[in-house]
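Take a look at the structure set out below.
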Amino acid sequence: MQSCEISSDSTDDPLCSGPHPHRQPRIVVIGAGLAGLAATKFLLENGFTDVTVLEASDRIGGRVQSVHHGGTTLELGATWIHGANGNPVYHLAEENGLLEHTTDGERSVGRISLYAKNGVAHYQTNGGKRIPKDLVEEFSDLYNEVYELTQEFFQNGKPVCAESQNSVGVFTRDVVRKKITVDPDDSEIIKKLKLSMLQQYLKVESCESSSPSMDEVSLSEFGEWTEIPGAHYVIPEGFMKIVELLAQDIPSHTICLGKPVRHIHWNYSAQHQEVIAKNSDSNHNDNNYGRQPREEPFSLGRPVCVECEDEEWITADHVIVTASLGVLKQNHEAMFFPSLPEDKVLAIEKLGISTTNKIFLEFEEPFWSPECNSIQFVWEDEAQLEQLAYPEELWYKKICSFDVLYPPERYGYMLSGWICGQEALYMERCDDETVAETCTELLRRFTGNPDIPKPRHVLRSSWGSNPYIRGSYSFTRVGSSGADCERLSMPLPYANSTKAPPLQVLFAGEATHRKYYSTTHGALLSGQREATRLIDMYQDLHKAETTKPTI
């Protein structure tokens with residue numbers, strides 16, 4: 001998939017009856033993640049032949065990254081198919097036999113997904129003691145009861161009181177603390193343990209939401225995210241199999257790897273075109289790349305021009321941008337000419353994205369008991385803390401847990417740790433040896449077992465510092481709403497603001513899906529949604545051409 005060729009213009013295709021009746025519309029898709037591949041696949045299936053995918057990195061998949069390790073596959077990115085009933089990712093996997101070797105233990109119906117529903121989570125304190133199972137279950141029931149309340153503000157239109165600061169974290173901490181404090185049956189020691197467990201649960205929830213803290217997640221919008229019914233599935237051969245299925249019918253020359261985009265020039269007048277052409281000539285004369293534009297910018301009347309980092313210019317009728325919210329936050333000012341409309345910029349700024357990273361530790365032998373499915377870290381000295389943010393040297397305190405990967409016949413003796421927020425970025429700066437030593441000390445401390453050996457292998461993700469990703473997935477931050485996802489998804493130029501050619505720049509990606517943001521199915525559906533806009537437009541134009549009155 002290294003080559004990149006622009007298809008020749010065609011006159012023998014029904015789509016040629018579009019706005020330029022003598023050629024196929026040229027569509028450039030930016031990003032070869034699930035959204036970009038889904039859009040490309042759908043366009044090709046519906047007769048579009050002049051489609052090019054520009055992928056900045058050296059691989060396809062985006063935030064899906066399956067790594068072969070020994071005889072197994074580990075997921076640095078997307079791991080679960082969240083729900084089965086009507087989930088296009090599930091149906092794609094099921095129809096292609098990808099779930100045949102998924103064990104019952106790898107199917108979870110729990111809200112907080114683990115690798116297995118079998119076994120028991122061990123809640124360990126920093127004093128090396130395990131919290132009794134019945135006490136954990138008692139607290140879990142209380143927490144889940146309050147979690148259900150957080151859903152009601154959006155779902156039932158309940159007003160948000162000022163004391164909650166419209167924050168899931170503030171509301172949950174306040175309500176749970178009050179319920180624990182007034183319980184007459186608990187001793188002060190038990191109350192402190194429950195308050196400490198509350199902090200640990202909020203850390204887990206932050207990893208699930210990919211937010212720095214649940215304090216940043218909007219309470220009034222929390223219930224809009226929609227969970228697809230059914231179990232959560234792991235794909236034993238790796239989530240990359242879904243990526244490969246989407247890409248298998250896309251011609252190899254269509255996808256250009258290692259092709260970062262510098263600027264997207266859209267909606268330009270003739271005057272702007274002359275300026276850009278002059279600048280282009282000047283830039284080409286002054287650099288050492290020796291690359292020439294594929295064709296003169298804005299030739300053939302195409303309204304968009306994509307300027308790549310390697311100095312190549314690619315003209316297009318339509319561009320589908322699938323860059324992550326993190327990349328848009330960092331680069332939108334430099335990326336788009338003219339600048340994005342103010343309301344779209346505001347949506348980008350208001351919505352949230354943070355980093356959730358995994359740390360895989362492989363051991364020669366298990367030090368955990370057979371029924372243990374996870375080790376949860378409960379810091380007793382954090383019971384009364386308001387903010388769970390740590391200085392760089394204490395980044396490890398944000399690791400909320402280590403899951404046991406099941407079955408051992410597939411994974412060996414492997415743990416998967418979770419860390420999010422700024423602390424995940426601190427972790428990314430450490431070398432493997434430091435991470436291995438730090439995690440080993442944590443495990444020794446919390447299990448009370450000083451003889452736990454260092455792992456023989458460490459593997460971890462680094463989504464925050466990846467310049468082409470900049471975060472794991474999006475969330476509705478305090479002050480934002482699902483309407484911001486919709487605003488982000490609106491194509492440019494806006495239909496009511498200009499007579500310029502429509503649908504020049506379209507937006508896809510998980511952050512643009514109002515109900516399924518943060519998910520792989522949200523990303524896939526968003527790509528299909530934007531492809532459908534173009535398919536419908538050219539169908540409408542074709543109908544208009546064939547029904548024109550004769551004069």
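Quick note: numbers below take in every heavy atom, side chains included, and nothing from hydrogens, waters or symmetry partners. Because the structure is a prediction, the values reported are computed rather than measured.
The two residues Leu488 and Ala511 make their nearest non-hydrogen contact at CD2-O, 4.0 Å. When all heavy atoms are compared, the tightest approach of Leu99 to Ile81 is CD2-CD1, 4.2 Å. Shortest non-hydrogen contact noted between Ser220 and Val160 is CB-CG2, 3.8 Å. Shortest non-hydrogen contact noted between Ala500 and Gln504 is CB-NE2, 3.7 Å. The two residues Glu216 and Phe475 come nearest to each other via the heavy atoms O-CE1, 3.6 Å. Residues Ala84 and Ile228 share a closest heavy-atom pair of N-CG2, 4.0 Å.
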Please walk me through it: do Asp317 and Arg26 pass salt bridge (charged side-chain N to carboxylate O under 4.0 Å, His left out)?
CA-CA 5 Å; Asp317 297 292; Arg26 177 173 295 165; over 6 Å; no
Taking it one step at a time, do Tyr90 and Asn85 satisfy side-chain contact (heavy atoms from CB on, under 4.5 Å)?
CA-CA 8 Å; Tyr90 169 81; Asn85 301 344; over 6 Å; no
Go through Leu405 and Leu74 one step at a time and tell me if the side-chain contact (heavy atoms from CB on, under 4.5 Å) criterion holds.
CA-CA 10 Å; Leu405 272 62; Leu74 302 175; 3.8 Å; yes
Given side-chain contact (heavy atoms from CB on, under 4.5 Å), test Ile348 with Leu340 step by step and report yes or no.
CA-CA 10 Å; Ile348 290 170; Leu340 295 176; 3.8 Å; yes
Tell me, with the steps shown, if Phe48 and Ile535 meet side-chain contact (heavy atoms from CB on, under 4.5 Å).
CA-CA 9 Å; Phe48 291 79; Ile535 293 164; 3.7 Å; yes
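With rounding to the nearest 0.5 angstrom, the CG atom of Asn357 is 8.0 Å from the OG atom of Ser465. The distance from the CZ atom of Arg514 to the CG atom of Asp484 is 9.0 Å, given to the nearest 0.5 Å. The line from CG of Leu325 to OG of Ser472 is 12.0 Å long, rounded to the nearest 0.5 Å. A distance of 11.5 Å separates CD1 of Ile235 from CD of Glu94, quoted to the nearest 0.5 Å. Distance check: Trp418 CH2 to Ile359 CD1 gives 11.0 Å after rounding to the nearest 0.5 Å.
Side chain of Thr355 to main chain of Trp463: no donor-acceptor pair is present (N/O by atom type, distance under 3.5 Å, no hydrogens or angles). Of the possible donor and acceptor atoms, one in the side chain of Ser461 sits under 3.5 Å from a partner among the backbone N and O of Lys358. A distance-only check finds a donor-acceptor pair linking the side chain of Ser210 to the backbone of Ser354 [under 3.5 Å]. In this structure, the side chain of Trp225 engages the main chain of Tyr517 through a donor-acceptor pair within 3.5 Å. Checked by atom type and distance alone, the side chain of Lys344 pairs as donor or acceptor with a backbone atom of Arg487 at under 3.5 Å. Judged by distance alone, the side chain of Tyr406 and the main-chain N or O of Tyr411 form no donor-acceptor pair under 3.5 Å. Remark: side-chain polar atoms of Asn156 are not paired, donor with acceptor, to backbone N or O of Lys158 under 3.5 angstrom. Side chain of Lys515 to backbone of Glu224: no donor-acceptor contact under 3.5 angstrom is found. Using a distance-only test at 3.5 Å, with no hydrogens or angles considered, no donor-acceptor pair links the side chain of Ser209 to the main chain of Ser211. A donor-acceptor pair under 3.5 Å is formed between the side chain of Arg107 and the backbone N or O of Thr102.
The aromatic rings of Trp80 and His82 sit tilted relative to each other, their planes meeting at an angle between 30° and 60°.
Looking only at side-chain heavy atoms (C-beta outward), Arg529 and Arg533 come within less than 4.5 Å of each other. Annotation: side chain of Phe222 is in contact with side chain of Gln151 (closest heavy-atom distance under 4.5 Å). Side-chain contact between Leu246 and Leu524 is present, with at least one heavy-atom pair separated by less than 4.5 Å. Residues Leu245 and Lys241 form no side-chain contact, since every pair of their non-hydrogen atoms from C-beta on lies 4.5 Å or further apart. For the pair Tyr516 and Thr226, the minimum side-chain heavy-atom distance is below 4.5 Å. Annotation: side chain of Leu219 is not in contact with side chain of Ser167 (no heavy-atom distance under 4.5 Å). Using a 4.5 Å heavy-atom threshold, the side chains of Val28 and Ile264 count as separate. Ile242 places none of its side-chain heavy atoms less than 4.5 Å from the side chain of Val64.
When each of Glu307, Glu309, Glu312 is tested with Lys259 by the rule salt bridge (charged side-chain N to carboxylate O under 4.0 Å, His left out), just one qualifies, namely Glu312. Under the side-chain contact (heavy atoms from CB on, under 4.5 Å) rule, Leu44 has a single partner from Val51, Asp249, Ile27, which is Val51.
Heavy-atom neighbours of Gln248 CD from other residues, nucleotides or ligands within 6.0 Å: above the threshold of 12. No more than 12 heavy atoms of other residues, nucleotides or ligands lie within 6.0 Å of NE2 in His68, so this atom counts as exposed by the packing criterion.
In this model, a donor atom of one side chain and an acceptor atom of the other lie less than 3.5 Å apart for Glu55 and Ser57. Side-chain contact, Tyr494 with Asp343: a donor N or O sits under 3.5 Å from an acceptor N or O. In summary, the side chains of Ser526 and Glu510 do not present any donor paired with an acceptor at a separation below 3.5 Å, with no hydrogens or angles considered. The closest side-chain donor-acceptor pair between His318 and Glu530, if any, does not fall under 3.5 angstrom.
The residues Arg460 and Glu428 are annotated as not salt-bridged, no charged nitrogen and carboxylate oxygen being separated by less than 4.0 angstrom.
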Tell me which donor-acceptor pairs under 3.5 Å the side chains of residues 330-338 have, and how far apart each pair is, sequence neighbours excluded?
none

